[in-house]
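Small disclaimer: the values here were computed from a predicted structure and weren't measured.
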Amino acid sequence: MIPQQWKKQATEHQKAYKRLLEKGNKNKMLQALPELHEEAFSKINCLECANCCKNYSPRFKQPDIKRIAKHLNIKEGELVATYLTLDKDGDYVTKQSPCPFLLSDNRCSIYEHRPSDCHRYPYTDEDVLLKRVSLTLKNTMVCPAAFMVLERLLEIEK
């Protein structure tokens, strides 16, 4: 089960996670990810947390903007002007945190049409976890599921 002080433990283990992600057996870790992902999400209820929606913004790619605007029955330009801004990398992200689509019960008002980044977050079942080390390290501090997966990978690599 997830420790009460998981954020503190995630902070303390950042160097170990980094070493694991940079020097660990990538094939072994990739093979383990699907099962570890399922295990973590069988224990974590995202609706109790919503840290990702409260602290991050996904990238809104053009297909996301088109799909969400259609769902909201507004023009794409209106969606961008109302909710989004360009970040330093030239990606559209939300203007504010928490996400403007996050409801008071931690549900997403556009869940079925949410950006692909939201759908994929925290990338614990794909190679992004290994390829984007700085993102993975950041995610372990925000998402208890990412923390759990990295902790289990540390155990496997011992």
Side-chain angles (χ1 to χ4, degrees), residues 1-65 67-68 79-80 83-102 106-108 110-111 113-158:
M1 211 53 211
I2 189 159
Q4 200 71 8
Q5 298 288 327
W6 69 269
K7 285 184 185 180
K8 182 176 186 277
Q9 193 171 334
T11 302
E12 293 168 354
H13 290 181
Q14 289 294 294
K15 285 182 183 172
Y17 297 156
K18 186 174 187 203
R19 189 171 41 257
L20 171 74
L21 294 169
E22 290 176 347
K23 300 187 187 310
N25 183 329
K26 303 245 188 285
N27 288 332
K28 187 176 176 182
M29 288 189 283
L30 276 174
Q31 284 184 321
L33 286 182
E35 185 178 324
L36 297 180
H37 173 86
E38 290 300 320
E39 179 184 316
F41 281 97
S42 73
K43 297 174 181 171
I44 300 295
N45 179 352
C46 293
L47 294 177
E48 291 175 5
C49 178
N51 280 348
C52 50
C53 305
K54 293 173 183 172
N55 296 292
Y56 280 165
S57 174
R59 290 171 299 171
F60 284 71
K61 297 176 183 163
Q62 197 54 46
D64 299 321
I65 293 170
R67 185 178 62 256
I68 294 165
L79 175 76
V80 170
Y83 299 106
L84 307 178
T85 188
L86 283 172
D87 70 6
K88 62 179 173 40
D89 297 323
D91 293 318
Y92 280 110
V93 296
T94 58
K95 286 182 180 179
Q96 66 185 59
S97 285
C99 178
F101 302 108
L102 182 66
N106 286 343
R107 293 187 186 279
C108 175
I110 59 167
Y111 186 78
H113 308 279
R114 68 196 185 278
S116 62
D117 272 4
C118 295
H119 179 73
R120 296 170 54 211
Y121 186 86
Y123 315 103
T124 48
D125 60 348
E126 53 185 275
D127 64 355
V128 171
L129 185 106
L130 304 175
K131 289 181 176 177
R132 297 193 55 203
V133 173
S134 62
L135 176 65
T136 298
L137 295 174
K138 188 174 165 186
N139 289 345
T140 64
M141 306 290 287
V142 174
C143 178
F147 162 78
M148 288 181 73
V149 168
L150 267 286
E151 285 294 310
R152 292 282 285 120
L153 283 174
L154 283 175
E155 291 172 16
I156 289 169
E157 279 291 303
K158 285 183 182 175

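Taken from CE in Met148 to OG in Ser42, the straight-line distance is 7.0 Å, to the nearest 0.5 Å. The line from CD1 of Ile44 to CD of Glu39 is 10.5 Å long, rounded to the nearest 0.5 Å. To the nearest 0.5 Å, atoms SG (Cys99) and CZ (Arg114) are separated by 11.5 Å. For the atom pair OG (Ser116) and CZ (Arg59), the distance works out to 7.0 Å, reported to the nearest 0.5 Å.
Under the 6.0 Å distance and 45° angle rule, Arg120 does not count as a cation-pi partner of Tyr123.
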Report task. Could you check Arg107 against Leu47 for side chain to side chain contact (heavy atoms under 4.5 Å, CB included), going step by step and ending with a plain yes or no? Result -> CA-CA 6 Å; Arg107 293 187 186 279; Leu47 294 177; 3.2 Å; yes

Query - Pair Val80-Tyr92, side chain to side chain contact (heavy atoms under 4.5 Å, CB included): steps then yes or no - result: CA-CA 8 Å; Val80 170; Tyr92 280 110; 3.4 Å; yes

Query raised in the report: Step by step, would you call Cys118 with Tyr111 a side chain to side chain contact (heavy atoms under 4.5 Å, CB included)?
Result: CA-CA 9 Å; Cys118 295; Tyr111 186 78; over 6 Å; no

Requested in this report: Starting from the C-alpha separation in whole Å, work towards a yes-or-no answer on salt bridge (charged side-chain N to carboxylate O under 4.0 Å, His left out) for Arg67 and Asp64.
Outcome: CA-CA 5 Å; Arg67 185 178 62 256; Asp64 299 321; 2.7 Å; yes

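A heavy-atom distance below 4.5 Å is found between the side chains of Lys7 and Asn51. For the pair Glu157/Asn25, a side-chain contact is recorded, criterion being any heavy-atom separation below 4.5 Å from C-beta on. Residues His13 and Leu150 have side chains not in contact (no heavy-atom distance under 4.5 Å, counting atoms from C-beta outward). Within the 4.5 Å cutoff, the side chain of Leu30 has no heavy atoms near those of the Leu129 side chain. A heavy-atom distance below 4.5 Å is not found between the side chains of Gln96 and Tyr83. Pro100 is listed as a side-chain neighbour of Thr94, based on a closest heavy-atom distance under 4.5 Å. Between Val93 and Thr85 there is a side-chain heavy-atom pair separated by less than 4.5 Å. Leu153 is listed as a side-chain neighbour of Leu33, based on a closest heavy-atom distance under 4.5 Å.
A tilted orientation is assigned to the rings of Phe147 and Trp6, their planes being inclined by 30° to 60°.
Across Leu102 and Ala50, no two heavy atoms sit closer than the pair CD1-CB, 4.3 Å. In plain terms, the two heavy atoms of Lys26 and Glu22 that are nearest each other are NZ-O, 3.6 Å. The nearest pair of heavy atoms linking Leu20 to Met29 is O-CE, 3.5 Å. The minimum heavy-atom distance between Cys49 and Lys54, with the atom names listed, is O-NZ, 3.3 Å. Heavy-atom minimum distance, Ala32 versus Ile156: CB-CD1, 4.0 Å.
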Distance-only donor-acceptor hits, side chain of residues 138-146, under 3.5 Å, sequence neighbours excluded:
residue : atom : partner : partner atom : Å
Asn139  : OD1  : Tyr56   : OH           : 3.3
Asn139  : OD1  : Tyr121  : OH           : 3.4
Asn139  : ND2  : Leu135  : O            : 3.4
Thr140  : OG1  : Gln14   : NE2          : 2.9
Thr140  : OG1  : Leu137  : O            : 2.6

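In terms of the salt bridge (Lys or Arg N to Asp or Glu O under 4.0 Å) criterion, Lys95 has no residue partners (sequence neighbours excluded).
Side chain of Asp89 to main chain of Asp91: no donor-acceptor pair is present (N/O by atom type, distance under 3.5 Å, no hydrogens or angles). Not one N or O on the side chain of Lys131 forms a donor-acceptor pair closer than 3.5 Å with the backbone of Glu126.
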